[in-house]
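Read through the structure below, which is laid out as structure tokens, and then see the notes.
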Amino acid sequence: MKQCNRKTFNGKRYVFCLIRNKYYLLTKEELVRQKIIYYLITNRGYNVHDIYVELHSTFSNIKYRLDILVIKNNRPFIIVECKSPEIKISSKSFDQIMRYYLRFKTQYLVLTNGMKNIIFELKNNVNGTGIGIEFLKQIPKIR
């Protein structure tokens, strides 16, 4: 994946966010977030204007901050939860993204720490009794 635009100021490193159109302190998680944003735009065809970063939301009186929400046809389409590379993707990560799913009902969920990506599609079962999960190898391209 191509390098994200970075700069150093007062001895601290920053990375440019294409969505928020400014530089942010370069933490390990922020670098993962910026790389996945770059990938969504350049490799999967998503529009900058359809991607929201660090979106604040409330559900059942609990405040959340989604790392990335992708909109398609004016509806939530993909939620991406980013972790630092040293953080393992765990059941806690899965529980976190499922809480976001309950609020936004996206079709796709992505958990990533930059080293490992878990991508899955949520589908209603044929008989309408619950949700099925299909694991994918890649984030779907915009169609």
Side-chain angles (χ1 to χ4, degrees), residues 1-125 128 130-143:
M1 196 175 297
K2 188 177 175 181
Q3 290 281 343
C4 298
N5 189 9
R6 304 175 203 180
K7 73 176 183 178
T8 302
F9 182 71
N10 287 338
K12 293 183 181 178
R13 296 189 69 201
Y14 293 84
V15 62
F16 188 78
C17 179
L18 294 169
I19 308 304
R20 297 172 285 181
N21 204 29
K22 67 180 195 176
Y23 283 89
Y24 285 84
L25 187 62
L26 180 60
T27 63
K28 292 176 184 176
E29 182 178 333
E30 189 63 40
L31 184 57
V32 169
R33 186 170 20 255
Q34 294 310 315
K35 285 184 174 186
I36 198 84
I37 289 168
Y38 185 85
Y39 175 77
L40 287 167
I41 294 166
T42 60
N43 293 66
R44 308 320 286 165
Y46 291 93
N47 188 306
V48 170
H49 302 293
D50 293 331
I51 301 172
Y52 295 84
V53 177
E54 293 194 318
L55 179 70
H56 294 269
S57 182
T58 302
F59 183 66
S60 296
N61 295 320
I62 299 172
K63 293 181 181 182
Y64 297 106
R65 183 194 51 81
L66 277 75
D67 284 317
I68 300 169
L69 178 65
V70 179
I71 303 296
K72 179 181 175 187
N73 299 327
N74 295 317
R75 298 190 57 164
F77 188 60
I78 302 172
I79 294 172
V80 181
E81 177 58 31
C82 302
K83 302 291 182 195
S84 294
E86 70 273 3
I87 304 292
K88 290 184 179 179
I89 305 288
S90 66
S91 60
K92 185 178 176 183
S93 307
F94 183 79
D95 290 346
Q96 180 182 10
I97 203 166
M98 287 309 293
R99 284 192 299 273
Y100 301 157
Y101 169 77
L102 291 173
R103 166 68 174 86
F104 289 97
K105 304 285 194 223
T106 58
Q107 185 174 349
Y108 298 96
L109 301 174
V110 179
L111 289 166
T112 184
N113 64 4
M115 308 295 285
K116 182 175 185 175
N117 301 309
I118 300 174
I119 304 157
F120 46 101
E121 180 178 8
L122 295 141
K123 299 179 177 182
N124 289 326
N125 288 338
I131 296 174
I133 296 176
E134 181 179 340
F135 290 91
L136 306 173
K137 292 184 180 183
Q138 294 185 41
I139 296 171
K141 288 186 175 184
I142 194 73
R143 295 171 233 188

Subject >> Residues Tyr52, Leu66; criterion side-chain contact (heavy atoms from CB on, under 4.5 Å); working and verdict >> reply: CA-CA 9 Å; Tyr52 295 84; Leu66 277 75; over 6 Å; no
**OP:** Would you sort out whether Ile68 and Leu40 count as a side-chain contact (heavy atoms from CB on, under 4.5 Å), showing the intermediate values?
**Re:** CA-CA 11 Å; Ile68 300 169; Leu40 287 167; 4.2 Å; yes
**OP:** For Ile119 and Phe135, run side-chain contact (heavy atoms from CB on, under 4.5 Å): C-alpha distance rounded to whole Å, both residues' side-chain angles, the deciding distance at 0.1 Å, then the answer.
**Re:** CA-CA 6 Å; Ile119 304 157; Phe135 290 91; over 6 Å; no
**OP:** Please step through side-chain contact (heavy atoms from CB on, under 4.5 Å) for the pair Leu26 and Tyr14, ending with a clear verdict.
**Re:** CA-CA 5 Å; Leu26 180 60; Tyr14 293 84; 5.6 Å; no
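How far CD1 of Ile36 is from CG of Asn117: 5.5 Å, rounded to the nearest 0.5 Å. To the nearest 0.5 Å, the span separating CG on Leu111 from CD1 on Ile97 amounts to 4.0 Å. Between atom CD of residue Gln107 and atom CD1 of residue Ile79 there is a gap of 12.0 Å, rounded to the nearest 0.5 Å. Note that the CD1 atom of Ile133 and the NZ atom of Lys123 stand 12.0 Å from one another [nearest 0.5 Å]. In this structure, the separation between CZ on Phe104 and OG on Ser57 is 3.5 Å, given to the nearest 0.5 Å. Between Glu81 atom CD and Ser93 atom OG the span is 7.0 Å, to the nearest 0.5 Å.
Relative to the ring axis of Phe16, Lys7 does not place its NZ or CZ within 45° and under 6.0 Å from the centre.
Side chains of Phe9 and Tyr23 form no contact here, defined as non-hydrogen atoms less than 4.5 Å apart. Side-chain contact between Val80 and Tyr108: absent, with no pair of heavy atoms (C-beta onward) separated by less than 4.5 Å. Side-chain contact between Arg6 and Arg13 is present, with heavy atoms from C-beta onward closer than 4.5 Å. Ile41 places a side-chain heavy atom less than 4.5 Å from the side chain of Ile37. Two residues are said to be in side-chain contact when any heavy atoms from C-beta on lie closer than 4.5 Å; Pro140 and Tyr46 meet this criterion. The shortest side-chain heavy-atom distance between Phe120 and Phe94 falls under the 4.5 Å cut-off. With contacts defined as side-chain heavy-atom distances shorter than 4.5 Å, the pair Ile142/Asn47 does not qualify. Residues Ile19 and Val48 have side chains in contact (heavy-atom distance under 4.5 Å, counting atoms from C-beta outward).
Electrostatic pairing of Glu86 and Lys28 counts as a salt bridge here, judged by a charged N lying under 4.0 Å from a carboxylate O. A salt bridge between Glu30 and Arg20 is present, with a side-chain N of the basic residue lying under 4.0 Å from a carboxylate O of the acidic one.
In this structure, the side-chain contact (heavy atoms from CB on, under 4.5 Å) partners of Val32, at least two apart in sequence or on a different chain, are Cys82, Pro85, Thr112.
Contact record, Val53 with Cys17: CG2-SG, 4.5 Å, taken as the closest heavy-atom pair. Nearest heavy atoms, Leu69 versus Pro76: CD1-CB, 4.0 Å.
For the salt bridge (Lys or Arg N to Asp or Glu O under 4.0 Å) condition, no pair includes a residue of residues 88-106, sequence neighbours left out. Every pair passing side chain to side chain donor-acceptor pair (under 3.5 Å) that includes a residue from residues 64-74 is listed here, sequence neighbours excluded: Arg33-Asp67, Glu54-Arg65, Arg65-Asp67.
For the residue pair Tyr38 and Gln34, no side-chain donor N or O sits within less than 3.5 Å of a side-chain acceptor on the partner.
Within 6.0 Å of CE on Met115 lie no more than 12 heavy atoms contributed by other residues, nucleotides or ligands.
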